[in-house]
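Note sheet for the following structure.
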Amino acid sequence: MDTPIIEFERVSKIYQGGAGPVTALHDVTLRIAAGEFIALIGPSGCGKSTLMRLIGDLEQPSNGTVRIKAKTPDQARRDRDYGIVFQSPVLYDWRTIRKNVELPLEIMGRPKEQRHQRAMELLKLVGLGDFGDAYPHQLSGGMQQRASIARALSFAPSILLMDEPFGALDEITRERLQLELLSIWWEAEPRPTVIFVTHSIPEAVFLADRVVVMSPRPGRVQRVVEVNLARPRAFETREDPQFFALVTEVRECLRATETAG
Amino acid sequence: MLPVIGLVAALLLIWEGSKLLFGISDQRLPHLGDIVATMFTRTQGGNGPLLLVQMLINAWATLRVAMGGFFIGGLLGFGLALLFMRMPILERGLMPYVIGSQTVPILAIAPMVVVSLGRMGAEPWVAKIFVAAYLTFFPVTIGMLRGLRSASPQSLDLMRSYAASSLQTFWKLRLPASLPYLFASLKIAASASVIGAIVAELPSGSSEGIGVMILNAAQFYNSRPPALYLAILVAGLIGVVFYGLVALAERLIVKR
């Protein structure tokens with residue numbers, strides 16, 4: 001592997017809860033290469049969201065070190081290395097869709113012309129070219145989530161953090177957005193590293209280069225499954241026998257974590 | 001418009017109907033027609049302006065005081081909310097006094113304020129605005145504080161991921177997110193400031209304002225009941241107008 005863009009070295013995260021300390025993440029060591037698409041999967045309470053939040057400097061580790069491009073996560077955040085997409089779109093409802101996509105660029109002080117142009121470019125990319133002047137509540141959930149992806153990509157961050165971004169969508173919209181996300185990611189130049197948290201096994205296998213299977217109480221990495229399906233992936237990939245074999249492998253792995261715990 | 005007309009018609013019916021049904025005397029509940037008629041009687045023994053005109057002139061004086069108090073009290077409430085948001089320790093320390101200040105009846109405080117500010121040589125309107133502001137700042141403090149804290153944790157996480165400064169987070173997230181809460185409390189404050197202005201007019205010495213009109217009409221109630229009803233109606237009108245102005249501002253400012 002080349003020099004990793006994300007490096008976890010024996011990282012633990014302990015929360016001081018009302019009922020005593022809770023270990024959310026225990027002794028995680030993980031290396032992720034630039035441009036990789038990584039899926040984090042596991043039952044609730046396995047620390048997959050915590051892992052993502054540690055990368056993005058939204059939480060700090062209790063033990064061990066996290067390095068992003070050989071920097072601290074805090075430095076990486078100040079360098080605007082992260083684009084984040086949550087399960088809910090978190091659009092600001094007093095801004096139009098275009099103004100929402102422009103928000104990060106506004107904060108980074110980019111000139112108005114450039115902001116406008118970049119926002120329109122991204123809205124076209126996610127299929128919302130005609131909806132720039134609409135307000136968020138006028139759009140469907142799937143469209144709002146597309147806008148949220150456009151916003152995360154607006155400043156071309158090198159790392160894209162996605163926390164169950166399609167978790168609230170119906171199955172049909174969800175499969176379409178998976179394909180769209182893959183093609184956006186595949187064509188982006190430079191291609192961002194994606195950390196994608198999910199609890200859907202087919203979603204993880206379909207999207208990722210590697211699936212990190214996690215187990216709960218305390219949260220730790222159980223196994224990393226390599227997904228050697230050809231890219232670019234297409235609708236037919238989901239009907240490939242190899243796809244089924246990998247889905248089964250991840251499923252078995254998840255079941256093993258249950259019986260072990 | 002239709003529901004408004006329907007409601008007015010229903011009120012007319014209840015008013016006159018209950019007079020008829022329960023035999024309520026004109027002394028206790030005058031005919032609506034008589035109230036309308038007093039609007040067009042001349043004041044000052046037949047040489048002054050119409051009573052309605054006099055009432056409206058005084059209402060305007062009250063509205064001006066209410067607006068002044070609303071503005072000052074609104075700024076104070078806004079400032080306190082900002083202070084409490086930045087320093088929660090201060091909130092815990094000061095909030096009991098803020099709440100206490102609102103529990104003391106305004107009727108007890110107003111004369112004290114009017115008399116002591118008057119002794120200090122201040123113009124009468126200063127004391128009136130003070131009382132109006134006193135009733136205004138509280139709902140604004142509470143509403144604004146709630147609004148400033150209404151931004152979701154995830155929307156704040158986003159700001160953090162953009163490495164936004166706290167000033168940017170305030171202008172682009174906290175403040176716009178607070179506006180619906182701010183306007184809800186400004187609407188309450190608008191009518192509270194009118195009450196404050198009227199109450200401050202009641203202690204002796206005031207020469208203008210709808211509060212003075214209410215006092216006068218009450219003194220002559222035995223000989224002329226409709227005048228008091230008219231004064232009360234006009235006082236209500238001030239509150240409605242002020243509320244409407246705030247609601248209009250909200251529609252112009254809050255986009256979604």
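Source: prediction; values computed, not measured. Order of the sequence lines fixes the chain letters, A, B, ..., with proteins taken first and strands second; residue numbering starts at 1 for each chain.
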Need one label for Ser152(B): side chain, backbone, both or neither, based on atoms under 4.5 Å from any heavy atom in chain A. side chain
For Leu179(B), which atoms come within 4.5 Å of any heavy atom of chain A: side chain, backbone, both, or neither? neither
For the CD atom on Glu113(A), are there more than 12 heavy atoms of other groups (residues, nucleotides or ligands in this structure) within a distance under 6.0 Å? no
Test item: Thr193(A) side-chain N/O and Gly35(A) main-chain N/O as donor-acceptor pair under 3.5 Å: yes
Face-on cation placement of Lys187(B) at Phe183(B) ring, 6.0 Å and 45° thresholds: no
Taking side chain as everything from C-beta outward and backbone as N, CA, C, O, which of these in Gln168(B) sits under 4.5 Å from a heavy atom of chain A? Side chain, backbone, both or neither. side chain
Under 3.5 Å, side-chain donor or acceptor atoms of residues 128-141 of chain B against the rest of the protein: list the pairs with distances, not counting sequence neighbours.
from, atom 1, to, atom 2, distance (Å)
Tyr134(B), OH, Ser101(B), O, 2.5
Thr136(B), OG1, Ala132(B), O, 2.7
Thr141(B), OG1, Phe137(B), O, 2.8

